[in-house]
Number of protein chains: 2
Amino acid sequence: MSNTNLKKLSEELGLSISSVSKALRDSYEISAATKKRVLAMAEKMNYQPNPFASSLRRKKSITIAVVIPEIANNFFALAIDGIQLVAQQKGYHVLTYLTHENFKNEESTIKHLQGGRVDGVLISLCRDTDDIQHLVSLHETGVPLVFFDRVPERMECPTVTTDDYESGFKATEHLIQAGCKKVACLSLSNYLSITHKRMKGYEDALKKHQIKVDPKLIIQCTNDNGTNLQLIKKLLSRKDRPDGIFATVEKLAISSYYVCNDIKLKIPEQIRIISFSNLRTASLLAPSLSTITQPAFEIGKESASLLFRMIEKKTFGNRIDKIVLKSSLVQRNSSK
Amino acid sequence: MSNTNLKKLSEELGLSISSVSKALRDSYEISAATKKRVLAMAEKMNYQPNPFASSLRRKKSITIAVVIPEIANNFFALAIDGIQLVAQQKGYHVLTYLTHENFKNEESTIKHLQGGRVDGVLISLCRDTDDIQHLVSLHETGVPLVFFDRVPERMECPTVTTDDYESGFKATEHLIQAGCKKVACLSLSNYLSITHKRMKGYEDALKKHQIKVDPKLIIQCTNDNGTNLQLIKKLLSRKDRPDGIFATVEKLAISSYYVCNDIKLKIPEQIRIISFSNLRTASLLAPSLSTITQPAFEIGKESASLLFRMIEKKTFGNRIDKIVLKSSLVQRNSSK
DNA sequence: AAAAACCTTGAAAACGTTTTCGTAATCCGG
DNA sequence: CCGGATTACGAAAACGTTTTCAAGGTTTTT
């Protein structure tokens, strides 16, 4: 086992434990010569400090937690990438938790994090999180907390998001300008602020172009792919089917493609599609998929940076940062 | 802060610290009535045990580490998903580390893990890992270690892999049977066991069909996408260009698609492509991509399960498990 | 030459648990 | 009612660090 500790090291060196500890932490109290000796011996004996003893004593874990709905998802994978980059630079460890879009999981995960296991938490809510008591409670214990992308609607807290309203507006307007008269909206959740904003953009774009918002064209999708396929198939099989689809998340666009293949609907001739997406193969699809692409990697980086500012107390007292990044609309053939 | 600890709890209850601790851990030494009182008070005071004190004392972290080259990668994202599933069931925490295909990162990460921070490690090597001294060293400190997919060639250790040789063979033979005479192989690394095996399958399939292995058709790609695009473009622009591509990893197939679009090579008419891939949109590409699909999620699950068997010492003394799962070849239009 | 300042080290407490061991108090059969 | 078993709890050590404080020794100042 990992056996060499300060005690053994100090015995080997003929020094006290405290001196060895101080030498290793490069304290001014220790002479250069001694430090050199200690470092050499530590190297030789392959000393690795016990992180738990250290964390216990210093009340710091050098660890952050990332809580996300899923990982097999291009957006979140990229966000994690950005988070890890910053964490690695700071020398922090990253604990990852998946809620699988399940509120109970999110709740229990957050509760566990109250024990001091981490110095800060990055979180993107799950699709049916409405009650945020668990997060308020975590916040009250003093753990720095940053939300990214899927942020709570009614909580004063630091967030990193994108211009969801504008993106929803632009995407919808783009479809209208391409010729769509009946644009459907595929939504992920009833609760999430991001879907509210994206849908508000969608509705306002319709209104701007004198198109009435038709509730039948707004589909609340579920967390089950099979069900979603059925919902979309039903939508697209109607006589008065839409001629455009605005998908608020990537997987719903993918499902739409499958349904169109299935029922032989031509994209974009019979139905135009645009979607929020971080798919790297968007331009290789048949047809290439028009996307609103969120800067997922940057979102991760910004969130982590913000969190570390809070951890290091570099952020002003009770200042609450709300960072908003811009998504980019990329027109491709699915909306021509 | 997370302030309530055993001491406060015990004072509030008029019990000793040890009794409270034992009550919370449901020890037989404590009466049912007392346990009930303690549980109630712990709930009321929102007690969360300090994980570091506990880990320090018990010499267990209830945490595993996952070390992978990258996360924005369908294979690894799915594998992590499987790992997390098992870890969550076991009540373990998961620390994730990205090496970004950089050996130095891998080395230092592994070194840090020797301090006892985790009870076990799951790792997929990075593309240029040749020297495995750091892993031998970790293993020697007694930390259970399971390799998945990208495993070391010369080390006696538990692994979870797929039938890479057979898959490489089948994929290549499939291209030959589709009519290819000159099949190129896009490889990721010189060192990895998986690429060796996949390439051996490739070579043996060629030999079986009396096709000479042409070193000029075997391209060692790099870790830089731009460079890879150039390498592939050069390969496909030659007069004696190949009529088939066997890509050993997904991103090289994607790059090939881009190059073919760029230089107007028709897939599959002028060049057929098959690739290892976990792309969920493989069937939606233009043309749909033939794939060898690894059971990434299952690989994650199996690796984690194996690791936990080792952690729980349920695995026989020095028995070394080598689990091999089957990949599936899915023919689509890119190799018609 | 004594006093003050500095440099280097060590002893010990503390972080919050877990666990071993000891010990009252109760119980039960003979 | 006595001896042994059982039940329910507490005291204290231990895990491996970090940090405060004291102290011995050397150098500098007066």
Exercise for the section: Report yes or no: is there a donor-acceptor pair, N or O only, under 3.5 Å between the side chain of A:R57 and the base of D:dT17? Expected result: no
Problem - Heavy atoms from other residues, nucleotides or ligands near NZ of B:K7 exceed 12 (cutoff 6.0 Å) - result: no
Handout entry: Length of the line joining B:R58:CZ and C:dT18:P, which is rounded to integer Å
Key = 7 Å
Problem - Sole residue of A:E106, A:E101, A:E70 in salt bridge (Lys or Arg N to Asp or Glu O under 4.0 Å) with A:R150 - result: A:E101
Practice task
Scan B:P51 against the nucleic acid and name what it touches under 4.0 Å (heavy atoms): base, sugar-phosphate only, or nothing.
Solution key: nothing
Practice task
Check whether any side-chain N or O of B:Y28 sits under 4.0 Å from OP1 or OP2 of C:dT19, and answer yes or no.
Solution key: no
Practice task
Report yes if a side-chain nitrogen or oxygen of B:S19 is closer than 4.0 Å to either non-bridging phosphate oxygen (OP1 or OP2) of D:dC9; otherwise report no.
Solution key: no
Exercise for the section: Identify whether any heavy atom of A:K7 sits under 4.0 Å from a base atom; if not, whether one sits that close to sugar-phosphate; answer base, sugar-phosphate or nothing. Expected result: nothing
Handout entry: Given DNA chain C, 5'-ward residue of the pair B:P49 and B:E29, judged by closest heavy atom
Key = B:P49
Handout entry: Among B:I123, B:I323, B:I68, B:T159, side-chain contact (heavy atoms from CB on, under 4.5 Å) partner for B:F148
Key = B:I68
Practice task
Would you mind classifying the nucleic acid contact of A:S31 as base, sugar-phosphate or nothing, using non-hydrogen atoms under 4.0 angstrom?
Solution key: sugar-phosphate
Practice task
Assign A:L6 to base, sugar-phosphate, or nothing according to its heavy-atom contacts below 4.0 angstrom with the strands shown.
Solution key: base
Exercise for the section: Could you tell me whether the side chain of B:K59 has a donor or acceptor atom within less than 3.5 Å of a complementary atom in the base of D:dG16? Expected result: no
Handout entry: Enclosure of B:F103 CZ (heavy-atom neighbours >12, cutoff 6.0 Å)
Key = yes
Practice task
Looking at every strand, decide which applies to A:T34 at a 4.0 Å heavy-atom threshold: base, sugar-phosphate, or nothing.
Solution key: sugar-phosphate
Handout entry: Nearest-nucleotide comparison on DNA chain D, the residue closer to the 5′ end among B:V20 and A:K22
Key = B:V20
Practice task
Looking at every strand, decide which applies to A:S54 at a 4.0 Å heavy-atom threshold: base, sugar-phosphate, or nothing.
Solution key: sugar-phosphate
Practice task
Would you indicate, yes or no, if D:dT18 has its OP1 or OP2 atom less than 4.0 angstrom from a side-chain nitrogen or oxygen of A:R25?
Solution key: yes
Problem - side-chain N/O A:S21 vs D:dT18 OP1/OP2, d < 4.0 Å - result: yes
Practice task
Please evaluate the base of D:dA11 for a donor-acceptor partner in the side chain of B:S16 within a cut-off of under 3.5 Å?
Solution key: no
Completion exercise
dist B:I320:CD1 -> B:M155:CE (nearest 0.5 Å) comes out at 9.0 Å
Completion exercise
note: A:I30, atom CD1; D:dT19, atom C1'; distance rounded to Å ~ 12 Å
Exercise for the section: Please state how far atom CG in A:L15 lies from atom C1' in D:dG24, giving the value in whole angstrom units. Expected result: 16 Å
